[in-house]
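All remarks here apply to the structure that follows.
Residue numbers start at 1 and run along the sequence shown.
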Amino acid sequence: MSVQKRRSWAEPFKIKMVEPLKMTTRKERELALIEAGYNTFLLKSEDVYIDLLTDSGTNAMSENQWAGLMLGDEAYAGSKNYYHLEEAVQKYYGYKYLIPTHQGRGAEHLISKILIKNGDFIPGNMYFTTTRLHQELAGGTFVDVIIDEAHDTTSEHHFKGNIDLQKLEDLIKRVGAEKVSYVSVAATVNMAGGQPISMKNLKQVRELTHRYGIKIIFDMTRAIENSYFIKVREEGYQNGTIAEILLEMCSYTDGATMSAKKDLLVNIGGFLALNDFEIFEEARNLVVVYEGLHTYGGLAGRDMEAMARGLEEAVQFDHIRARIGQVEYVGNKLLDNNIPIVKPIGGHAIFIDAKRFFPHIPQIEFPAQALASEIYLDSGIRTMERGIVSAGRNKDTGDHYYPKLELVRITFPRRVYTQAHCDITVETILEVFDHREKIKGLKMIYEPKYLRFFQARFERL
Ligand SMILES: *Cc1c(COP(=O)(O)O)cnc(C)c1O
C-alpha cells in the first residue's frame with residue numbers, strides 16, 4: 001500500500017474565531033422538548049448543543065468570504081458583486097444568465113410560475129419539499145421517476161439518485177410531451193439520503209428529453225457534492241477535476257435553481273440560472289415582483305460577494321473530500337455498531353432508518369419524529385425528521401403520504417464541527433439505540449396546512 005493510501009483527510013483549515021457551545025441538563029432538555037411540541041424545528045437554537053438539523057445556511061465562511069462582505073457594493077441597481085457572481089456562475093456552472101433570489105425556493109417559485117401550466121406534469125428524481133410545493137401551487141403534478149433502489153434503504157446502488165428512464169418515458173407517452181413542463185432533476189437527492197445521480201444517467205435523460213423536446217431544470221443545490229461522487233465512483237471521471245465534472249453535468253440541462261445555502265458555503269442566498277433568453281427575460285421581469293430588482297433579487301451586495309467567493313472554494317477537491325469525509329466518518333462508525341442507516345452513506349447527511357431502529361413503532365406514530373426527539377433528549381444534539389411528517393398529505397385525497405422511507409437526518413454543516421463533535425454524536429445514537437425498546441411513538445396535536453414538518457406539534461403516547 002502506498003503512503004498516500006494510508007493518509008486520511010483532515011480539515012483543510014484552522015480555526016480563527018470560535019463560538020461557545022452551551023450544554024444543558026436532561027431536565028432542561030425535557031422541558032424544552034415539551035415546549036417545542038417534540039418538533040426539533042421548534043427548539044430554540046440556544047438550547048441545542050451540536051446542531052445537526054440542517055446544512056442549509058449553517059456553513060462557516062472563510063476569511064476570504066468575510067473579507068468579501070466588506071466589499072459589498074450596496075447599490076440598488078447594478079452592484080459590482082452581482083457581476084462578480086454572474087461571472088463565477090458562468091465559469092463554474094456554465095449557464096449564460098443569472099437571476100439572484102433570496103434563497104432556493106425563490107428561484108423555484110419563479111421557474112414554476114414561468115414553465116408550469118395548469119394540469120401539467122413534472123417528473124423528477126424524488127420530490128423535494130419546497131420544489132414540489134411550488135410545482136403544485138403553479139397547477140402541476142409532481143411524478144416521482146427515480147429508480148426503485150432509491151426507496152430501498154439497504155440497496156448499495158452507487159447512484160441511487162438516478163432516473164428510471166422507463167418510468168420517465170412511460171409518463172411522457174401517457175400524458176403527452178406537451179403536458180410535461182420539464183424534468184426536475186436534482187443532484188445528490190436530499191430525500192433519498194443525499195444520493196448522487198451518475199453522469200451517464202443524466203446524459204441519457206438529456207437524450208430522451210431531446211427526442212421529445214422537453215427541458216431539464218436542474219436542482220443544483222448540491223451539484224458540487226454530486227460531482228465528488230462522480231469523480232470517486234463513476235468510470236472515466238477519476239482524473240477529472242470537480243470543476244470539470246460540475247460543468248459537464250450542467251451542460252446536459254437547460255437551467256437550474258440553486259440554494260446557495262448548501263454547496264456555496266454561505267448563510268443566505270440562491271439564484272436561478274438559465275440558457276434560454278426568453279425564459280430569462282420573463283424571470284427577470286417576475287423577480288422584480290417577488291424578490292427584488294434583477295441585479296440583487298432580495299440579497300445584499302455583500303451576500304452575492306460571499307456566494308461568488310464561496311463557489312471558488314467549494315469546487316476545491318480538498319474541501320469537498322473533507323466535507324464528505326466527515327459524513328463518511330460518522331456513517332462508518334454507526335455501521336460498525338449495527339445502527340440501521342441508509343447505504344451508501346450520503347453526501348451531506350446520515351439518514352437513520354427509523355422503521356428498522358424502532359420496529360415496534362408503527363409509521364402513523366411518527367417513529368422518525370420520536371427518534372429525533374430522543375436524540376435531542378439524550379445529549380442536546382438536534383437532528384430532523386424526514387418521513388411521514390415531511391411527506392405531508394396527498395392534495396386530492398387528504399391522506400398522509402406514508403413514504404417508504406421513514407428517516408432521521410443527521411446533517412452536517414460545512415466546516416463547522418470537529419471530529420470530536422462527530423464522536424459525541426455517534427455515542428448519543430448508540431445510547432438511544434441501547435434503550436430503544438422503551439421508547440414510545442408520538443401523536444400529532446397540531447398540523448399546519450403547508451410544509452407541516454416545520455411547525456407541527458406532537459405529544460408522547
Ligand atoms: C434547500 C433545498 C432547496 C430549497 O432551498 P432554500 O434555500 O431552502 O429555499 C431546494 N432543493 C434542495 C435539494 C434543497 O436542499
Side-chain angles (χ1 to χ4, degrees), residues 23-30 32-34 36 38-41 43 47-54 152-156 192-195 326-346 348-390 403-412 417-443 453 458-461:
M23 293 180 80
T24 49
T25 62
R26 192 175 171 97
K27 182 87 206 129
E28 287 168 331
R29 292 193 292 274
E30 182 76 60
L33 256 188
I34 292 170
Y38 293 87
N39 185 343
T40 51
F41 278 102
L43 287 166
D47 296 330
V48 172
Y49 172 40
I50 298 173
D51 203 347
L52 305 177
L53 182 73
T54 174
D152 174 3
T153 59
T154 60
S155 158
E156 303 241 17
Q195 304 294 328
Q326 184 174 56
V327 180
E328 283 172 345
Y329 173 82
V330 172
N332 284 326
K333 288 210 154 188
L334 293 174
L335 285 175
D336 290 347
N337 286 284
N338 301 315
I339 303 294
I341 65 170
V342 176
K343 289 194 285 185
I345 297 162
H348 64 300
I350 312 282
F351 292 74
I352 304 180
D353 184 346
K355 281 187 186 169
R356 283 192 284 147
F357 197 102
F358 288 146
H360 60 290
I361 303 182
Q363 195 167 19
I364 192 61
E365 292 176 8
F366 311 106
Q369 191 77 33
L371 179 53
S373 313
E374 212 59 35
I375 290 170
Y376 173 75
L377 187 61
D378 183 78
S379 60
I381 293 175
R382 172 153 70 173
T383 58
M384 77 152 88
E385 193 260 14
R386 273 295 180 232
I388 184 167
V389 185
S390 294
K404 281 199 194 123
L405 302 182
E406 179 70 24
L407 309 174
V408 167
R409 193 179 84 178
I410 310 171
T411 330
F412 292 83
Y417 292 112
T418 65
Q419 196 153 308
H421 293 120
C422 292
D423 291 335
I424 296 278
T425 303
V426 171
E427 289 165 15
T428 294
I429 292 157
L430 299 187
E431 185 67 34
V432 175
F433 194 63
D434 282 347
H435 63 266
R436 64 190 178 280
E437 277 136 28
K438 288 200 220 98
I439 296 164
K440 297 209 165 66
L442 301 170
K443 182 172 90 179
F453 60 95
F458 302 83
E459 260 172 20
R460 262 218 189 95
L461 281 171

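Side chain of E385 to main chain of N39: no donor-acceptor pair is present (N/O by atom type, distance under 3.5 Å, no hydrogens or angles). When atom types are taken as modelled, the side chain of H360 and the backbone of I439 share a donor-acceptor pair closer than 3.5 angstrom. In this structure, the side chain of E328 does not engage the main chain of I345 through any donor-acceptor pair within 3.5 Å. A side-chain donor-acceptor contact under 3.5 Å links E28 to the backbone of T25.
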Worked verdict on F453 versus F41 for ring pair (Phe, Tyr, Trp, His ring centres under 6.0 Å): CA-CA 8 Å; F453 60 95; F41 278 102; 5.7 Å; yes

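Between T153 and K355, every side-chain heavy-atom pair lies at or beyond the 4.5 Å cut-off. Using a 4.5 Å heavy-atom cutoff, the side chains of D423 and K333 are in contact. F351 has its side chain out of reach of L405: every pair of non-hydrogen atoms, C-beta onward, lies at least 4.5 Å apart. Between D47 and R382, every side-chain heavy-atom pair lies at or beyond the 4.5 Å cut-off.
Note: T425 OG1 to I375 CD1 = 9.5 Å, rounded to the nearest 0.5 Å. Separating the CZ atom in F357 from the CD atom in E374 is a distance of 9.0 Å, to the nearest 0.5 Å. Atom CD1 of residue I50 and atom CE of residue M23 lie 8.0 Å apart, to the nearest 0.5 angstrom. Taking CG of L461 as the reference point, atom NZ of K440 lies at 9.0 Å (rounded to 0.5 Å).
If you run side chain to side chain contact (heavy atoms under 4.5 Å, CB included) between I352 and each of V432, L407, T383, I410, only I410 comes through.
For the 3.5 Å distance criterion, the side chains of R29 and T24 qualify, holding a donor opposite an acceptor.
When every heavy atom of Y417 is checked against every heavy atom of Y49, the shortest pair comes out as OH-O, 4.2 Å.
Sorted by first and then second residue, the salt bridge (charged side-chain N to carboxylate O under 4.0 Å, His left out) pairs with a member in residues 424-439 form an empty list; sequence neighbours excluded.
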